[in-house]
Amino acid sequence: MSEKKENTSTEEVNKKKVSAPASSIKVIAREIFKDKVALTAFIVIIAILLFTFGGSLFLNAEKVTETNIIDAYYGWGTNGHLLGTDDGGRDIVKLLIMGGRNSILIGMGVTAICEVVGLVVGLVSGYYGGYIDAIIMRIVDFIQVLPVMPIEIVLVTVIPHYSPLSLVWIISMFGWTGTARYFRAFILSQRGRDYVLASKTSGSSDFKIMFREVLPNITSMIIIDVVIAIASNIGVETTLSFIDYGLPSSVPSLGTLIGFANDPVNVVSRPWLWLPATVMLLAISLSINYVGRALQRAGDARQREN
Amino acid sequence: MAKEIIQVKDLKVHYPIRSGFWNRITDYVRAVDGVNITINEGETYGLIGESGSGKSTTGKAIVGVEPVTSGEIIYHDVDITKSKNRRKLNYNKDVQMIFQDSMSSLNPRKRIEDIIAEPIRNFENLTTDQERDRVQELLDIVGMPSDSIYKYPHEFSGGQRQRIGVARAVATNPRLIVADEPTSALDLSVQAQVLNFMKHIQQQYNIAYLFISHDLGVVKHMSENLAIMHRGRLVEIGSREDIYNHPMHIYTKRLLSAIPVVDVEHRAENKKHREEVEQEFQNDQSKWYDQEGRVFPLQQVSGKHWVALPKDELEREELKEEGRN
Amino acid sequence: MWKTVLRRVLIMIPQVIILSILIFFLAKMMPGDPFSGQINPNTDPKQLEALKRAAGLYDPIPVQYGRWVGNLFKGDLGTSYIQHVPVTSLIADRAVNTFWLALLTTTISYGISIPLGITAGRHQDEWQDQAVQIFNYVTFAVPPFVFYILGIWLFGFTLGWFPISGSVSPNASGFWGTLGSQIYHIILPACLVALITTTSIVQYLRTGIVDNKVEDYVRTAHSKGVPENVVFRKHILRNSLLPIASSFGTTITGLLSGSMIVESVFSYPGMGKLFLDSIGQRDYTTLTALILIFGILTLLGNLLSDIIMSIVDPRIRIK
């Protein structure tokens, strides 16, 4: 009896000494902190998030977008408006805060939908193969050859009860195919591996195998993909808003702010309208992408170790 | 009289080849092309063949991870080539597999405890404590230290990983274990260890093995009955005595002559014999294989000894054998 | 090889058909019809209905679709609601402009990216490689329209080096004068777009070279005493150019989609701008025709990629 007790205590000790293949999060954190530039980028991202999301907590959406023509077109630092006002007399700083938050939110929303859909579709298609795979791949192929931007623009115009959520769905509709392809390729490479067969003989169902056995091997890739996807989806939304076919005009977005630069008069004589938003978008895009790349390098290094 | 536990009847696994403009099926890769095997309780049945002979595919079909084109595998009076039958019987509780490559057959991200416990969790209803005890018991049986349960596969050597694979296979007290080249990836010294464990377990728990290998030397140590496979078909089956002492098919003879023999004095003779056998094999292909290069159906020669010969050849061979004896 | 091409073309046919059905329904979803732009508000609604019926607007959907497709084959893309001219001529004018822009962009793009990719691959991990990597990272991360805005602000407005709108100066005269003016107008947008498109090409090329450098066949060539330059040109480069050849087609179609943004920023009268104008003016015939054309061009682009791939890669050809 006492022997068993002894065993358990040595087990406890050994548990602490044992080294798991380093968990994804630890590796990620290590990589970010090692690279000074990546660390800067990371800090920039946090700063922007605090500015936009934090700032939005103090703002009332309706008041921010309320037009007040009298105050239109103030320049830098006039009348208490740090960055001036736009054609409707709205304060640029506040628009920047809300717009930034909206653009980032939409980017995240679209990415979330695309990753989940792409993941499920890719896994199912890759794992089951056969007819299911063939049909799904035909659909994916077809969507990928569509001229996406023109169709998105048309949809934005014709969808009834248009709202930011509609925009998220519209963009997501075309965005999941890339991730689906990516995950399918991964599954195909893992499918014949012995440990998958072994799990099958151990009685695990296909479903369990897919999610509990194969998926954990790809978590680091998922994280990297998500990070970069967020940046590019923010880009998609801002591009659409830039040409006035993105968020409805009552909802601020970085794209609409930058859109002021479509008017040559604004470009030359009213840079405060579009320059701050441009700078912010640049900061967001560059930082997120840099962090994503740093993660990718970390992931590659680990792959080589394995 | 040993009890039959599993019967493989005319098993065929064909892979279609698509070519041409319309991607039509033009031909088949006949990986397994009409195999019949009967395995008895507690015995070791050896399945020998070279790479590509179809032996691994046969093993996988028996375990239920390879879809079967035609034929039956009868277990408990039910054809388990159909997945619903397998599910009904909880087939894999009784029929398990040991894989050749121990590194790739263990999920690198799972701890040993979870790896060995997986079949237990799927087929049996134990409490966490009972489960842990069982895992410890299994590790004990294969001679692994008990602190292994918290470790990961990459922390062990090849031989140790293979033993973990054995522990996993034995977890649910199976009746039959398909061992697919379990020692091929191991050093010679380690091979003996693993084989001894397998034998020990077999004796203790009355487990039957389908021992798949390309190495006739290893198989001799383990099996009572053997089958030689070539190009998807069986060329010769029989008891250990039949195959090693009275080989009849030219392919069997070729395999046997290829076993390295450490006999310095008879080196020249052995070499001559090997060359003769090889010559006969190359020249008499048409005699031993049909027009399409396929192996003939098996004919019974005696008791458990069957050889793939056309009938008339059989008589001529028998006379030759008797003459030699 | 022709078998592969033929099969690809045959696969394209159902794709085009489904595309046209999709677009047709998209068009139907848009409010408005041929008469919305022309109606005198005082027209009697009953008369209006009769006109509509005569124009076939109340026919069953499949019939309308069939009629539309039939017209397409005749080269009739419909009449613009707004401008009252055949859509075909509208598009034709603009298509030429977009075509030239795409051509120049592609030329500059490949012209820049191939040397860059080669440099990065050859001098892996040295400063040239680092510089190219940074360039790549920036052009990938920044959304294209930001580039265009900054580019036009810097080179167009602030420095005044290039014109900021249109495809040709209204004052240009004579053949060379006009040509010169046209080129002058295209350069800035072409350069900016080219910068964006270099990213994937450079990346592929660099990766291809880096991967091929360590392949056994390269080592064999070295050990045979083949000089470095020759090894690079004949072995490494040839294999690395493969993925680029196939991306040629998709680059072109990418340019088409992106043309909308460029042409909008530069007020360049091309197909993309026509599309945006049509949407703004609710000119649905033009719109539908344009989407159809964009779709078909994308399919053709992919087809081109596959054909080039099969020509260049002997492995695929022999199969």
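Here is how names work: the chains are called A, B, and so on, in the same order as the sequence lines, proteins then strands, and each is numbered from 1. Scope of the values below: all heavy atoms of this structure, side chains included, with no hydrogens, waters or symmetry mates.
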- Looking at B:Pro119, B:Ala169, B:Ala171, which makes the most heavy-atom pairs under 4.5 Å with chain A? B:Pro119
- Task: Give, as side chain, backbone, both or neither, the part of B:Arg87 having an atom under 4.5 angstrom from any heavy atom of chain A.
- Result: neither
- What's the shortest heavy-atom distance between B:Asn92 and A:Thr201, and which atoms? CB-O, 3.1 Å
- Message: Does atom NZ (A:Lys208) have a neighbourhood of more than 12 heavy atoms from anything else shown, all under 6.0 Å?
- Response: yes
- Query: In terms of heavy-atom proximity below 4.5 Å to chain A, should B:Glu118 be classed as side chain, backbone, both, or neither?
  - Reply: both
- Note on the structure: Looking only at B:Tyr91, B:Phe123, B:Phe99, the option with the highest number of non-hydrogen pairs under 4.5 Å against chain A is B:Phe99
- Item | Distance-minimising heavy-atom pair for B:Asn122 and A:Ser202 | ND2-O, 2.9 Å
- For chain A, find which of B:Val65, B:Asn90, B:Asn107, B:Val95 contributes the most heavy-atom pairs closer than 4.5 angstrom. B:Asn107
- Contact part of B:Lys60 toward chain A, heavy-atom cut-off under 4.5 Å: side chain, backbone, both or neither? side chain
- Message: For a quick test of reading the model, state the closest non-hydrogen atom pair linking A:Tyr195 to B:Leu106 and the distance between them.
- Response: CB-C, 3.9 Å
- Quick one: pull up CE in B:Met97 and CG in A:Leu197 and give me the separation to the nearest 0.5 Å. 7.5 Å
- Note on the structure: In short, A:Ala198 meets B:Ser105 closest at the heavy-atom pair CB-O, 3.6 Å
- Portion of A:Ser205 that has a non-hydrogen atom of chain B nearer than 4.5 angstrom: neither
- Query: Is it true that atom CZ of A:Phe53 has more than 12 heavy atoms of other residues, nucleotides or ligands lying nearer than 6.0 Å?
  - Reply: yes
